[in-house]
Structure formats: structure tokens, C-alpha cells
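One-based numbering along the sequence shown.
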Amino acid sequence: QSQPVQSGGRLVHTGESLRLSCSASEFTKVVGWFRQDGGKEREGLACVSSIDGKTYYADSVKGRFTISGDNTKTSVDLQMNDLKPEDTAVYYCAAGFRGCAGDILERDYDYWGQGTQITVSS
């Protein structure tokens, strides 16, 4: 299975927390989380390397979101705390073969999950 499978989306209120889960192929080297709000560009949020466990976060979510994986990094979660209305978007899990360092770019990922709608109401 190459396409990541994700779960966990729902409607939440401002300040609440939510955890998204992603199951990725053991053959990929990095798993990342992205989001897209309507017609805006897809934004890279966080990634974790299955090689060395290194993580990287976009400034927009640093301190509120935490990415974590099991020992094999085939199961990767995104813990989201203190959610805000501007976090409303479709969230995607993605996997690829590049490392996790620096900007989290859509073009560096090869396999994409089906997307999960997160709505944060004020």
C-alpha cells in the first residue's frame, strides 16, 4: 500500500484539541502533514523522518502542533492544540522519499492521503 490512509477529522470549537492519524508505507522516508483552505495553496505544516526521527514545523503551527510516529514511522499522528478558526481546512497526510528538513513542500511528496476536513468554529 503506497497511498497513506488518514483519519480523525471533525468539527471542533476554538481552543480545543484534535489528533489526526496517518498510516503510511514502510518504504517511504518521510511523512508530512499539509492543509488546504479552499482555493489557497496547500500549506506544509510538519514532517517527520522515518530514518532518524527528525521533525520540522512551519512557523504557523510551531508550538501548537506536534507530529509523532511509532518506531517504524508507518503510523504518524498530528496532535493539534489550541485550535483557531484559521486552522479550518482540509488536512492531508503525505509520504515521500526525501528527508525532513527545511521547508515542507508539496512537490517533495509522492503519495497523498484522501484528505480530512477540520472545521474550527468560534
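- With Arg64 as the fixed residue, the side-chain hydrogen bond (donor to acceptor under 3.5 Å, both in side chains) test singles out one of Asp82, Asp87, Asn81: Asp87.
- Here CG of Leu20 is found 4.0 Å from CE of Met80. Values are rounded to the nearest 0.5 Å.
- By the 6.0 Å contact criterion, NZ on Lys84 is enclosed, its count of non-hydrogen atoms from other residues, nucleotides or ligands being greater than 12.
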- Please report the C-alpha distance between Ser60 and Glu43 in whole Å, then the side-chain angles of each, then the deciding distance to 0.1 Å, and finally whether the side chain to side chain contact (heavy atoms under 4.5 Å, CB included) criterion is met. CA-CA 10 Å; Ser60 59; Glu43 178 188 12; 2.7 Å; yes
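- Judged as a salt bridge (Lys or Arg N to Asp or Glu O under 4.0 Å), the pairs with a partner in residues 107-122 (not counting sequence neighbours) are, in order, Arg98-Asp108.
- For Gln79 against Ser17, the heavy-atom pair with the smallest separation is NE2-CB, 3.7 Å.
- Ser23 places none of its side-chain heavy atoms less than 4.5 Å from the side chain of Ser75.
- The backbone N or O of Val76 sits nowhere less than 3.5 Å from a side-chain atom of Ser21 that would complete a donor-acceptor pair.
- Counting only residues at least two apart or in different chains, salt bridge (Lys or Arg N to Asp or Glu O under 4.0 Å) contacts with residues 111-121 are absent.
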- Item | Stepwise side chain to side chain donor-acceptor pair (under 3.5 Å) test for Glu86 and Thr88 | CA-CA 5 Å; Glu86 51 264 41; Thr88 295; over 6 Å; no
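- Leu78 has its side chain out of reach of Arg35: every pair of non-hydrogen atoms, C-beta onward, lies at least 4.5 Å apart.
- Among pairs with a residue in residues 31-54, those fulfilling ring-ring contact (aromatic ring centres under 6.0 Å, His included) read Phe34-Tyr109, Phe34-Trp112, at least two apart in sequence or across chains.
- Note: Gln36 CD to Glu106 CD = 7.0 Å, rounded to the nearest 0.5 Å.
- For Ile118 against Gly8, the heavy-atom pair with the smallest separation is CD1-O, 4.5 Å.
- For the residue pair Pro4 and Cys22, the shortest heavy atom distance occurs at CB-SG, 3.7 Å.
- Ile104 and Val61 are members of different hydrophobic clusters when ILVMFWY side chains are connected at heavy-atom separations under 4.5 Å.
- You'll find the side chain of Phe97 stays beyond 4.5 Å of the side chain of Val30, heavy atoms only.
- Taking all atoms of both residues into account, the shortest heavy-atom contact from Ala58 to Gly44 is CB-O, 3.3 Å.
- The ring-ring contact (aromatic ring centres under 6.0 Å, His included) contacts involving residues 42-62 comprise nothing, where partners must be two or more places apart or lie in separate chains.
- Contact between Gly113 and Gln3 at its shortest, heavy atoms only, is C-NE2, 4.1 Å.
- Every residue was checked against the ring-ring contact (aromatic ring centres under 6.0 Å, His included) condition with Tyr91, not counting sequence neighbours, and none meets it.
- The number of heavy-atom neighbours closer than 6.0 Å to CD of Glu41, taken from other residues, nucleotides and ligands shown, is 12 or below.
- You'll find the side chain of Leu18 reaches within 4.5 Å of the side chain of Leu83, heavy atoms only.
- Among residues at least two apart or in separate chains, salt bridge (Lys or Arg N to Asp or Glu O under 4.0 Å) pairs with a member in residues 5-21 are Arg19-Asp77.
- For Gln6 against Cys93, the heavy-atom pair with the smallest separation is OE1-N, 3.0 Å.
- Side chains of Val12 and Ser121 form no contact here, defined as non-hydrogen atoms less than 4.5 Å apart.
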